[in-house]
Number of protein chains: 2
Amino acid sequence: MATKRTQMMEMTRAKLIRTAREAFATKGYAAASMDDITAEAGLTRGALYHNFGGKKGLLQAVVDQIDAEMVARLMAAQQRAASPWEGLLEEGVAYIEMALEPEVQRIMLLDGPAVLGDPSQWPNQNACLLRTTQTIQALIDEGTVKPVDAEAAARLINGAALNAALWIAAADEPRAVLPKAVEAFRQLAAGLLQAER
Amino acid sequence: MATKRTQMMEMTRAKLIRTAREAFATKGYAAASMDDITAEAGLTRGALYHNFGGKKGLLQAVVDQIDAEMVARLMAAQQRAASPWEGLLEEGVAYIEMALEPEVQRIMLLDGPAVLGDPSQWPNQNACLLRTTQTIQALIDEGTVKPVDAEAAARLINGAALNAALWIAAADEPRAVLPKAVEAFRQLAAGLLQAER
DNA sequence: CTGAGTGACATACGTGTTGTATGTCAATAC
DNA sequence: GTATTGACATACAACACGTATGTCACTCAG
């Protein structure tokens with residue numbers, strides 16, 4: 001049973017995460033001051049330190065939240081696909097599209113790694129990557145994909161999608177280059193396919 | 001002809017870049033204080049602001065220096081290869097190997113993008129990427145590679161190599177996963193190859 | 001019902017860091 | 001030989017983070 005106090009605490013945590021997410025996305029982690037964030041949430045730094053241990057802890061919480069949303073969207077994209085192989089491709093495309101959002105870009109792709117270290121160390125990023133790895137392993141087992149190291153392939157696929165997204169986001173006409181990136185991504189990914197006999 | 005003053009100035013610039021490069025690589029950009037860097041170089045912050053305009057300017061200078069070194073190494077790797085296609089692969093492998101160095105990782109892959117913005121905006125990173133793009137375009141023209149968008153393909157290739165490098169660097173046994181990553185990279189890149197007739 | 005205890009959060013303070021404004025001295029120009 | 005410029009040092013102000021301490025509401029024995 002949730003007591004009155006823990007309910008309140010959850011609310012303050014949620015409020016801080018929300019305002020921090022906003023501030024980190026727009027101003028960047030370094031330029032976002034804790035005083036501003038807490039004031040915006042109607043609190044002080046005391047609450048922040050009590051709940052998250054510090055500025056990095058708050059960023060970690062924001063990252064975890066966004067990451068959870070991303071995993072959910074990746075799963076949805078994969079399950080929408082007709083075949084496992086198409087599922088992998090759809091997952092890559094979904095990843096590209098998510099990385100177009102300024103919030104994802106700034107927090108997950110720029111500041112997050114710089115402040116918290118390599119994403120492969122984050123508990124949830126592993127979940128996201130693990131999904132791709134498992135998908136690829138399944139494709140290898142069923143003979144669709146060449147017998148390469150599944151984790152290595154997953155890493156490369158994700159990296160390609162990631163960079164494609166960064167490219168698109170920085171482009172003058174994002175909507176114009178998106179299809180080019182998606183097409184090149186599909187071609188590249190086809191390199192993993194078993195040569196048809 | 002170089003006057004006495006400009007010679008001195010070049011020396012102080014070089015010294016500051018050297019110590020900053022060291023400090024940024026080991027402690028990270030945020031944790032490296034300008035006082036420490038300048039003191040290590042036997043100077044004060046005055047010199048730093050005069051020559052580089054601020055902390056970001058100093059990082060930019062360090063990034064430019066490292067980037068120039070990387071481009072040189074990429075060119076060397078490509079020219080060592082037997083064929084243009086092998087040149088592209090060698091370039092990717094060289095990129096992976098460079099990203100294994102802590103200095104490159106910390107400064108070029110983590111702090112650089114976070115502080116200076118997306119690498120595609122940097123003047124030199126474009127040179128590095130431009131090389132790959134041109135290589136791919138040449139391969140398309142000669143019929144080795146499928147007719148995809150050359151820049152998109154270059155972006156994806158570089159992104160894959162980049163993430164492979166980050167993965168390797170964060171791994172428990174970097175030397176053990178390196179061959180796996182290289183193998184997967186070659187397979188993936190093969191997706192760009194024109195299907196043999 | 002009541003008083004001690006605990007937890008959530010606010011307030012106050014010290015330290016370190018950045019950026020700017022001003023000062024100084026050597027090198028060049030006239 | 002003096003005036004001026006430019007490279008760098010010093011001094012100062014603003015700010016942000018982290019910690020130490022304080023306060024008040026809620027919980028729970030007795």
Side-chain angles (χ1 to χ4, degrees), chain A residues 1-63 107 111-112 114-117, chain B residues 1-63 107 111-112 114-117:
Chain A
M1 140 193 170
T3 101
K4 212 168 180 180
R5 292 173 75 141
T6 57
Q7 280 180 18
M8 286 297 293
M9 194 159 176
E10 268 315 303
M11 277 199 42
T12 66
R13 282 181 64 94
K15 262 197 297 191
L16 283 174
I17 290 178
R18 182 147 23 95
T19 59
R21 184 168 167 167
E22 167 82 15
F24 290 159
T26 55
K27 302 196 289 188
Y29 175 80
S33 90
M34 301 168 70
D35 279 322
D36 291 351
I37 292 172
T38 49
E40 180 74 20
L43 297 163
T44 68
R45 291 214 320 275
L48 202 160
Y49 276 96
H50 192 75
N51 281 286
F52 300 100
K55 200 179 182 185
K56 282 170 68 169
L58 182 57
L59 176 61
Q60 182 73 62
V62 171
V63 161
I107 299 177
D111 289 337
V115 176
L116 304 175
Chain B
M1 134 193 168
T3 97
K4 211 165 179 180
R5 290 174 74 140
T6 55
Q7 280 179 17
M8 286 297 292
M9 195 157 173
E10 268 315 303
M11 277 198 41
T12 65
R13 282 180 63 93
K15 261 196 300 193
L16 282 175
I17 290 178
R18 181 147 26 93
T19 59
R21 183 169 167 165
E22 168 80 15
F24 290 159
T26 54
K27 301 196 288 187
Y29 175 80
S33 90
M34 301 168 72
D35 279 323
D36 291 352
I37 292 173
T38 50
E40 180 74 20
L43 297 163
T44 69
R45 289 214 325 271
L48 201 159
Y49 276 97
H50 193 75
N51 282 284
F52 301 100
K55 200 179 182 186
K56 281 171 69 169
L58 182 58
L59 176 62
Q60 182 73 61
V62 171
V63 161
I107 298 177
D111 288 338
V115 176
L116 304 175

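Atoms considered below: every heavy atom in the structure, side chains included; atoms not considered: hydrogens, waters and symmetry mates.
- Residue B:T12 places none of its side-chain N or O atoms closer than 4.0 Å to OP1 or OP2 of D:dA7.
- Side chain of A:R13 to main chain of A:N51: a donor-acceptor pair is present (N/O by atom type, distance under 3.5 Å, no hydrogens or angles).
- What you find for B:V62 and B:A20 is that their closest heavy atoms are CG2-CB, 4.0 Å.
- Here the shortest heavy-atom pairing between B:I37 and B:A23 reads CG1-CB, 3.9 Å.
- Remark: B:H50 is in phosphate contact with D:dA7, judged by side-chain N or O atoms under 4.0 Å from OP1 or OP2.
- Rounded to an integer number of Å, the gap from A:F24 CZ to D:dA16 C1' is 13 Å.
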Residues 52-61 of chain B, side-chain donor-acceptor partners within the protein, below 3.5 Å, at least two apart:
residue: B:K55; atom: NZ; partner: B:Y29; partner atom: O; Å: 3.0
residue: B:K55; atom: NZ; partner: B:A32; partner atom: O; Å: 3.0
residue: B:Q60; atom: NE2; partner: B:D64; partner atom: OD1; Å: 3.2

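- With sequence neighbours excluded, the residues forming a salt bridge (Lys or Arg N to Asp or Glu O under 4.0 Å) with B:R21 are B:E69, B:E103, listed by chain and number.
- Closest of all the heavy-atom pairs between A:D111 and B:A114 is OD1-CB, 3.9 Å.
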Open item on the list: Base contacts versus sugar-phosphate-only contacts with protein, heavy atoms under 4.0 Å: please encode nucleotides 10-20 of chain C as B, S and - from 5' to 3'.
Closed with: BBB----SBBB

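- Between A:N51 and C:dC9, a side-chain N or O to OP1/OP2 separation shorter than 4.0 Å is present.
- Rounded to whole angstrom, the span from the CE atom of A:M11 across to the P atom of C:dC9 amounts to 10 Å.
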